[in-house]
Structure formats: structure tokens, C-alpha cells
Amino acid sequence: MTASGMKPRVLTILGATGTIGVNTLDVVARHPDRFEVFALTGATQVERMLEQCRTHRPRFAVMSEPATAAALRARIAEEKLPVTVLEGAAALIEVATAPEVDTLMAAIVGAAGLPATLAAAQAGKRILLANKETLVVSGQLFMDAIAASGAELLPIDSEHNAIFQALPRDFSGDFQQAGVKALWLTASGGPFRTLSAEAIAAATPAQAVAHPNWVMGRKISVDSASLMNKGLEVIEARWLFNARPEQIKVVVHPQSIVHSMVEYDDGSVIAQMGTPDMRTPIAYALGFPERIDAGVSALELIGRQLTFETPDTARFPCLKLAFDALAAGGSAAAVLNAANEVAVARFLDGAVPFSAIAASIAHTLDTLAGGAADTLEALLEADRQARGVAEMYLDRVQV
Ligand code: NAD
Ligand code: MG
């Protein structure tokens with residue numbers, strides 16, 4: 001109990017050292033009465049994790065790499081901080097499911113976040129889901145786990161958070177009953193929105209990660225440049241809101257002010273707007289159902305023009321590939337995601353051109369027709385196979 005008589009929420013933040021993690025801790029620090037940090041996790045950034053341990057005093061800090069865990073442990077001992085350092089994937093599951101924890105921020109990037117996030121879903125936690133790859137890879141399995149355990153799922157992705165805010169509070173996934181016609185996901189269009197296909201094919205990693213409106217990790221920044229991010233978000237929306245693919249529309253909105261919209265049967269379109277700052281959806285989910293201060297600057301609409309365009313799937317084939325994977329069903333979305341992760345990492349290393357991302361995903365999807373998706377093992381196997389096929393394809397591609 002705190003001075004205000006409120007029981008604080010006890011949090012584990014997976015991916016605390018990343019962009020979403022840092023923004024989450026910024027909001028948490030504004031509300032010391034409301035939140036207590038139980039565990040923070042990272043992969044390689046020892047200095048940042050040490051700084052977070054000094055400020056937030058978690059009981060546990062997890063580093064996924066043994067070497068960085070050892071380095072952190074030494075620094076924590078030097079400073080005599082009351083933090084226990086754990087390491088490896090099993091420790092991620094431990095801190096995500098510990099009985100003391102009621103809320104999990106899932107903000108690891110990629111399929112690496114899946115096992116611990118799924119475990120928290122099975123354990124009935126309140127899950128603040130930034131790690132969209134979890135839903136892309138294991139949508140049905142994850143939503144079944146949420147339903148079975150009574151876990152609470154709150155979307156952090158700004159589009160899905162916007163849709164969540166624009167849907168009726170008691171929305172059960174029944175579009176007809178709620179009078180919902182369609183979900184409109186907005187996309188900024190990314191840094192290559194106005195470039196020719198030739199210029200996009202030759203784009204460098206530095207150009208790809210220079211997002212016009214949002215500050216994000218490197219992988220999601222490349223996904224935004226290829227529009228795969230929107231493709232992953234279409235799949236994410238399918239599972240979060242029980243939408244059929246044709247009920248999910250994508251519209252390019254370069255100003256990133258309208259974060260997404262819900263279209264109703266009576267012609268109403270309800271949008272959520274705001275300054276593009278991830279602390280808004282993070283604060284919404286942290287405080288839900290209350291609204292809490294997020295430290296976000298007020299939206300300045302005077303003098304702004306809001307524009308909307310149709311996405312161009314000829315220049316941005318990744319968006320269509322995601323709809324294809326959704327239509328194929330089974331493990332196809334897991335295959336799409338794994339091939340994308342491999343290709344984006346190769347592109348960021350400067351080993352393959354930007355155009356190889358879509359090409360290798362298309363090749364991998366063609367090679368591995370969707371298999372079963374009903375167990376974690378089957379999905380991880382599909383992920384493993386897809387990585388192998390994509391690696392082999394990319395080995396043959398020249399820069
Ligand atoms: P980031 O790269 O800034 O941070 C990633 C975090 O994951 C870091 O803490 C890193 O240590 C950890 N991590 C990376 N690989 C790991 C591994 N193998 N095992 C354990 N931990 C690992 O990424 P981000 O921009 O914060 O994005 C995190 C997630 O949130 C992604 O799924 C992304 O799609 C989603 N998301 C981000 C934004 C955004 O604005 N940044 C918006 C919507 C959704
Ligand atoms: Mg988003």
C-alpha cells in the first residue's frame with residue numbers, strides 16, 4: 001500500500017533497454033505510487049541496464065547473454081545494488097511469470113520474445129503487448145492461452161492501441177454485434193514513401209532507419225521502411241480483434257497524427273489522434289482503465305494538414321506478402337516473420353540490398369507451405385526452418 005492507499009502494480013519489463021522499455025520506465029517514473037518494478041531484462045546493453053537498476057531498483061535484472069550478465073553482475077556488486085542478476089531464456093520466463101508480478105510489458109524485439117510472453121499469457125498476467133511478432137507467429141495459440149487463463153491483453157502498438165480506444169469498451173470480438181464494419185490501420189509510409197522502386201532497391205541501412213515521425217529500434221524501423229511493419233500489424237489486428245482479413249484496411253497517413261480508426265455500420269468513423277509518442281499508448285495500457293500523465297506534448301492541430309493515400313504494394317510488396325501469409329493460415333505467418341527477421345538483420349549488416357528483403361520472404365513462403373500452428377514446438381520448428389531457407393537464399397544474393 002502507498003500513501004494514497006492504492007496497491008501498486010508490480011511490473012516486469014521484457015526488453016527494458018530498448019526504445020519501448022525506456023519509454024515505459026519514463027512513464028513509470030512519473031507515477032511512483034502506482035508502479036513497482038520487479039524485473040528488467042535486456043540482451044547486450046550493460047551500461048544502460050546498470051543505469052536502470054540504479055534508478056528503478058528492480059529485484060531482478062536478466063541479461064539474455066551469459067557474457068553481458070557476468071559484466072552486469074560485476075558492476076552491480078561493485079555498487080552494492082540490491083539487484084539479483086539472472087541470465088538466459090529460462091530466466092525471462094521466470095521473471096515474466098513470477099507470482100509477485102501482475103503486469104508484463106512485453107517489449108523484446110522479434111520471435112525471441114515469444115516464449116516468455118506466451119508463458120505470461122498462460123499464467124494469467126495483465127500483458128502490455130509491444131512485441132507484435134508474438135501474435136504474428138503464434139496468434140491462435142496465444143489468444144487461446146489468454147482466453148483459457150483469463151489474462152488481460154492490452155495492445156501497445158500505437159495503431160492497435162488506437163483501435164482498442166475507439167472500440168466499445170465491452171467489445172468481445174463480434175463485429176456484427178458491435179456494429180463494426182472495418183478497422184483502418186494508418187501507416188506513415190516510412191522514409192521511402194515517395195521514392196522510386198529503383199531508389200528503394202538501392203537504399204542503405206542508414207536511410208532505412210531514419211524514420212520521419214517515430215523513434216524506434218532498428219529492426220522495426222526497417223520494417224516501417226519496407227511496410228512489413230504494417231503487414232505484421234494487419235496480422236496482429238486479425239488476432240487481437242478477431243477480424244477477418246477483409247475487415248482490415250490500410251491507409252497511408254504521412255503525418256502520423258491519426259493513429260488508427262474504427263468504421264461503424266452507421267457511417268461513423270472513430271479515430272484516436274495524438275502527438276506521435278509511444279508514451280501515450282504505454283500510459284494508456286499501464287493505467288487502464290484510468291488515464292494517467294504520460295509526459296507527452298499536446299497535439300497541435302492548428303496549421304496541420306492531414307492527408308491519406310492508398311499504399312502502393314508494387315513498390316512495397318511486403319504488405320501484400322503479409323496478407324498472403326494471413327490467407328494461407330497455419331504456420332505461414334511464422335514463416336513470413338522468421339524470413340523477415342533474417343533478411344532485415346542481413347540488410348542492416350550491409351550484406352544484402354533492401355530489395356532482397358521482400359524477395360527472400362516470397363521465396364521462403366513459396367518453399368515452406370504453411371504447416372501446423374497448434375503447438376509452440378510446431379511454430380518454433382516452422383520459425384527454424386524458415387530461417388534456414390531464408391539464409392540459404394540470401395547467401396546467393398550479392399550486394
Ligand atoms: P529495440 O531494438 O529498441 O529494443 C529491443 C529490446 O529487446 C532490447 O531491450 C533488447 O535488449 C531486447 N532483445 C533483443 N533481442 C533479444 C533476445 N534475443 N533475447 C532477449 N532480449 C532481446 O526495439 P523496440 O523499438 O523497443 O521494439 C520492441 C518491440 O516493440 C518490437 O516487437 C517492436 O515491433 C514493438 N514496437 C515498437 C514500437 C516503437 O515505437 N519502438 C512501436 C510499436 C511496436
Ligand atoms: Mg505500430
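Read the numbers this way: they start at 1 and go in the same order the structure lists the ligands and their atoms. Count residues from 1 along the sequence. Computed from a prediction, not measured in an experiment: that's the story for all the values here.
The ring of Phe316 has its center no closer than 6.0 angstrom to the ring center of Phe192. In this structure, His160 has its ring center at least 6.0 angstrom away from the ring center of Trp184. Close placement of the Phe164 and Phe288 rings is indicated, their centers lying within 6.0 Å of each other.
Val109 CG1, 3.7 Å is the protein heavy atom nearest to atom 5 (C) of ligand 1. The protein heavy-atom contact nearest to atom 23 (O) of ligand 1 is Gly217 CA, 3.9 Å. Of all protein heavy atoms, the one closest to atom 18 (N) of ligand 1 is Ala112 CB, 3.4 Å.
Residue Ile108 holds the heavy atom nearest to atom 29 (C) of ligand 1 of all those in Leu135, Leu14, Ile108, Asp223.
Where the criterion is an N or O separation shorter than 3.5 Å, residue side chain and backbone included, Asp157 fails it with respect to ligand 1. For Gly21, no nitrogen or oxygen atom sits less than 3.5 Å from a nitrogen or oxygen atom of ligand 1, counting backbone and side chain alike. Considering backbone and side-chain atoms together, Gly42 places no N or O closer than 3.5 Å to any N or O of ligand 1. Inclusion of Glu133 in the set of residues having an N or O under 3.5 Å from an N or O of ligand 1 is warranted. Considering backbone and side-chain N/O atoms, Gly18 comes within less than 3.5 Å of an N/O atom of ligand 1.
For the pair Glu51 and Arg48, the salt-bridge criterion is not met [side-chain N within less than 4.0 Å of a carboxylate O]. For Arg126 and Asp102, the salt-bridge test fails: no basic side-chain N is under 4.0 Å from an acidic carboxylate O. The residues Lys219 and Glu133 are annotated as salt-bridged, a charged nitrogen and a carboxylate oxygen being separated by less than 4.0 angstrom.
Between the side chain of Ser260 and the backbone N or O of Ala162, no donor-acceptor pair lies under 3.5 Å. A donor-acceptor pair under 3.5 Å is formed between the side chain of Thr204 and the backbone N or O of Gln207.
The backbone and the side chain of Met216 each have at least one atom closer than 4.0 Å to an atom of ligand 1 (non-hydrogen atoms only). Contacts with ligand 1 closer than 4.0 Å are made by no heavy atom of Lys219, backbone or side chain. For Ile20, heavy-atom contacts with ligand 1 shorter than 4.0 Å involve the backbone as well as the side chain. The part of Ala107 lying near ligand 1 is the backbone, judged by heavy-atom distances below 4.0 Å.
The Mg ion (ligand 2) is the vertex of the angle joining OE2 of Glu233 and OE1 of Glu159, which measures 100° to the nearest 10°.
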